[in-house]
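I have placed the structure first, in the form of structure tokens, so that the comments after it can refer back to it.
Lettering follows sequence order; numbering is per chain, from 1. Reckoned from all heavy atoms, side chains included, excluding hydrogens, waters and symmetry mates.
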Amino acid sequence: MQYSQKVMDHFMNPRNVGEIENPDGIGTCGNPVCGDLMTFHIKVEPHSDDLNAARISQIRFKTFGCGAAIAVASMASEMAQGKTLSEVIQMSRDDVANSLDGLPPIKMHCSNIGVQAIQEAIKDYLKRIGRQDLAVKVKGCPKESH
Amino acid sequence: MQYSQKVMDHFMNPRNVGEIENPDGIGTCGNPVCGDLMTFHIKVEPHSDDLNAARISQIRFKTFGCGAAIAVASMASEMAQGKTLSEVIQMSRDDVANSLDGLPPIKMHCSNIGVQAIQEAIKDYLKRIGRQDLAVKVKGCPKESH
Amino acid sequence: MAREEKCIYLDNNATTPTDPRVLDAMLPYFHTMPGNPSSIHAAGRKARQAVDSARGRVSALLGCRSDEIYFTSGGTESDNIAIKGTCFAQEERKKIITSSIEHHAVLTVCEYMQKFGYELVKVPVDRHGIVDLDFLNRAVDDHTLLVSIMHANNETGTIEPIQKIIEITRRHGAIFHTDAVQTVGKIPIDTNALMVDMLSLSGHKFYGPKGIGALYVRRGIRFDPLAHGGHHERSKRAGTENVPGIIGLGEACAIALNEMTAEELRLKALRDRLWQSIWEKIPKVSLNGHPTERLSGTLNFSVEYVEGESMLLKLDLEGICASSGSACTSGSLEASHVLVAMGIPHALAHGSLRFSLGRFNTEKDTDAVINVLPGIVEKLREISPLYQR
Amino acid sequence: MAREEKCIYLDNNATTPTDPRVLDAMLPYFHTMPGNPSSIHAAGRKARQAVDSARGRVSALLGCRSDEIYFTSGGTESDNIAIKGTCFAQEERKKIITSSIEHHAVLTVCEYMQKFGYELVKVPVDRHGIVDLDFLNRAVDDHTLLVSIMHANNETGTIEPIQKIIEITRRHGAIFHTDAVQTVGKIPIDTNALMVDMLSLSGHKFYGPKGIGALYVRRGIRFDPLAHGGHHERSKRAGTENVPGIIGLGEACAIALNEMTAEELRLKALRDRLWQSIWEKIPKVSLNGHPTERLSGTLNFSVEYVEGESMLLKLDLEGICASSGSACTSGSLEASHVLVAMGIPHALAHGSLRFSLGRFNTEKDTDAVINVLPGIVEKLREISPLYQR
Ligand SMILES: Cc1ncc(COP(=O)(O)O)c(C=O)c1O
Ligand SMILES: Cc1ncc(COP(=O)(O)O)c(C=O)c1O
């Protein structure tokens, strides 16, 4: 198993670790088979239901998981930070993996659940502001990984 | 393949090599599968048909064959030299192998045809002196090795 | 990284460094004495003698005859020969029994044999990893060809009660094979007293070279070769003999025979001291494996709330080489089948660490672990969503 | 014996001395870098990198992709995987074709597969040992799973026209495997240009260590593993990698790639000069093998009226190591099946000698043969009943 230098950097110095007091959304995604679990807290500004206007103003994560999982969560948090919700909803696992200069093949479908966990937080935000209708359209975490 | 020192000694310095002019008997035995072939010439004294009286007074051999075959022929010739015909008829392949401090297993049934070749020479002698009846009783060379 | 250069190697169950004495014994057989043992000339005879004498040293360690030892390329090949060879050599019995905690070199082979019509039963284990003898007793019957149960487990070090297993097996005339890859050279084995039928070993697990192993087969037990070809190894394992490897294996056996007893005690003290310190300094850790019936160099435990690979990576950056039952460290996607079979919850299986100590480890090495591990665990727990202070 | 100590080694087709450069490359991987390539820590990663780079060096020699190379324990195992693995991976085609002059590592395996319902056809050869292409053409059909024909023969050095053989094979969609144990590292091989499907090689035949080999398998060709277990070698060959052996094989390949062309010419000159002298000094000798399509280091000839082993023993006592097709030098009771298949009479097959020259031989070595062989033959002919002066 070879990790890229980027993966090792994010594993060693994970960005945005922690929780947020009074978050606007909380998302969790985990793969019980792999034993990876991620929780994201987000703050959204402005508190809009316009996905092109609302941005992730603050993001924090916690991860139980292997080196790849920690690096994925850290990288995904960095990528989401400051982006509009619609931009984050369009982010893919591959975007994160590519930004990390690749992940070992076996980690791709397993530890690479960072984007999904953030999208879960967005879903949670949308529900909290009463836009259940929008929330259901966001993919979020795959069924087997809740 | 490990040969004993005795085998190597007889292989290096084979005793009684050659042929006899006007022999009293000639015997050949060979195993085509192994590619071993031996020819013995003997002189018998006295020229008796009493197997307990007649002795091998001179013996010479030639061998086409591997190290074991050459050593077997040499050792068998030494063992037969001076013995009565009845003693030689009772000699076995194992006697020769034992005198050589053993032969590799694979050589036992193949290259170890010295005694048989000498017995063939005795058969020949008995025929020459008109004792066909005695000749047939001597075992000599096994069928497949003629 | 400079740190990597002098890594503290605590992964001796994965593979051991070759003992320098073993390497020294091997060296002449590379260039100076190149003979093929099948050749009849001086070079060949020398190689043959060396191989024969190494075979004698292996059999001395196992208490068997030297013509009961077949050299192979390692533990996996030995396991494969034992299982496939026994199956292909007969047609009467069609049932194989193994345990749920075997190494893949046994498990996968047994599963493959189902393709050839063999029924497979896996005996479960208790929470310490000891096979369920009652279950085994009910499973073995007159259709059972082979029972293959490991001597000690590579992950936990738990030693199986093979004496009792053999008694059960023999009652039904089944053949008993044991994968002793983790025990040979570490604890005494007497094949004759045990009445084991087949036993696998691997050189690189006890300071011999990689790429060499052996299979013990009691006289009279029939098996088909795995690799056919020339008449090597009494026509049971074809291929030009790995002469330097065989010499190395012989030397490793001779050293083990000499030093095993003292070494076992030394390792046990070292390991128990390590566990004691870990247990004192890190809350929420639990031992995996049998508390006493266990290889003296093996320490496997779970750290709650953190995952094994991330601990390994941080240890690695501190220059410490260890291993884990985390899924992320295996080629598969699942956590250690051994820990799971022992009933250890998935999260704890994922959070397991294994330190396996060996001949070249000293207190300095275990001290290094004690110095860095608590901090590593603390850091990872801080970012773990499962952890509540 | 002092003489034995510095034997003149002319048996390089049986096995070669490991090149000191190869041994040097291997040494660090015994004790200093002990890692198991499956481990994720620094020691493991280093071993993995070394294995990967060695794989690249093997594939560079063969002109293939590195993921088409599977490391094995030697030529015999490679042959076994190729043949058994291809058979067990499918159920449609039930016919195997090979030649009558294959090494036992191919012949015996093909014969064993008859036990599993496979039909076996052996293609005959002409007096130079070249396979009968017409016969082959008639034998290959749409039921043919596999054609396995060696690249060059170990006894005579005769090189088979595999380009043509492959053309015939492909017409019927059969898989083509070649045992290239005697050619890899000695003559150029381009697996891609040849469109060969599987190819076996063995380290110790070209100055690599014993106990390591490889199987080339073109991408897309399916085969079952011979040894099951862990996920090593892309799940196709289980067992902890023989890291030092693999490094040694890689180094042997790199050296061969560099030096092959010049070495081939040097050996050919050395060999032809040897044969010229033997032919002039000893009456009634005849060359075995193809006069030109032959490995440049191999000289096999028959000496009338004398048997091969006895010549070998006498050469051995003079400190010269060679080999023979005599039955007495094999584990079996029959003379070389290769020479017999070429139509050479039994007596001449029994009287064959093989000198196989290699990297470490010089004119001094062949001169020694020329000095002693005529006298040896003369002495043995004197005691031969077949010889009439
Ligand atoms: C218990 C056990 N069996 C079998 C094996 C396989 O041995 P090898 O890798 O030498 O083939 C190992 C180690 O890998 C092992 O620990
Ligand atoms: C042509 C050929 N094939 C296969 C082999 C077997 O190789 P190994 O002995 O390395 O298994 C040999 C040599 O022994 C050989 O010469």
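- C/Asp11 has a carboxylate O that lies under 4.0 Å from a charged side-chain N of C/Arg354, or vice versa, which qualifies the two as a salt bridge.
- Interface remark: D/Asn242 contributes backbone and side-chain atoms alike to the contact with chain C (heavy atom separation under 4.5 Å).
- Heavy atoms of D/Met33 lying under 4.5 Å from chain C are absent altogether.
- Qualifying ring pair (Phe, Tyr, Trp, His ring centres under 6.0 Å) partners for D/Tyr29, counting only residues two or more places apart in sequence or in other chains: none.
- Only the side chain of C/Phe360 comes within less than 4.5 Å of a heavy atom in chain D; its backbone stays farther off.
- Of the atoms belonging to C/Glu241, it is backbone heavy atoms, and not side-chain ones, that fall under 4.5 Å from chain D.
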*Going through the distances and angles, do D/Thr18 and D/His204 end up as a side-chain contact (heavy atoms from CB on, under 4.5 Å)?*
CA-CA 7 Å; D/Thr18 306; D/His204 72 100; over 6 Å; no
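- Of the atoms belonging to C/Phe30, heavy atoms from both backbone and side chain fall under 4.5 Å from chain D.
- By number of non-hydrogen pairs under 4.5 angstrom with chain D, the leading residue of C/Leu27, C/Leu226, C/Ile246, C/Thr72 is C/Leu226.
- Heavy atoms closer than 4.5 Å to chain D are found nowhere in C/Ser324, neither backbone nor side chain.
- Under the side chain to side chain contact (heavy atoms under 4.5 Å, CB included) criterion, C/Thr108 pairs with C/His104, D/His228, sequence neighbours left out.
- A salt bridge is defined here as a Lys NZ or Arg NE, NH1 or NH2 lying under 4.0 Å from an Asp or Glu carboxylate O, and C/Arg359 with C/Asp19 meets this definition.
- Contact annotation for C/Ala47: neither backbone nor side-chain heavy atoms come within less than 4.5 Å of a heavy atom of chain D.
- Counting heavy-atom neighbours within 6.0 Å of D/Arg21 CZ, excluding the residue itself, gives a total above 12.
- Heavy atoms closer than 4.5 Å to chain D are found in the side chain of C/Leu23, but not in its backbone.
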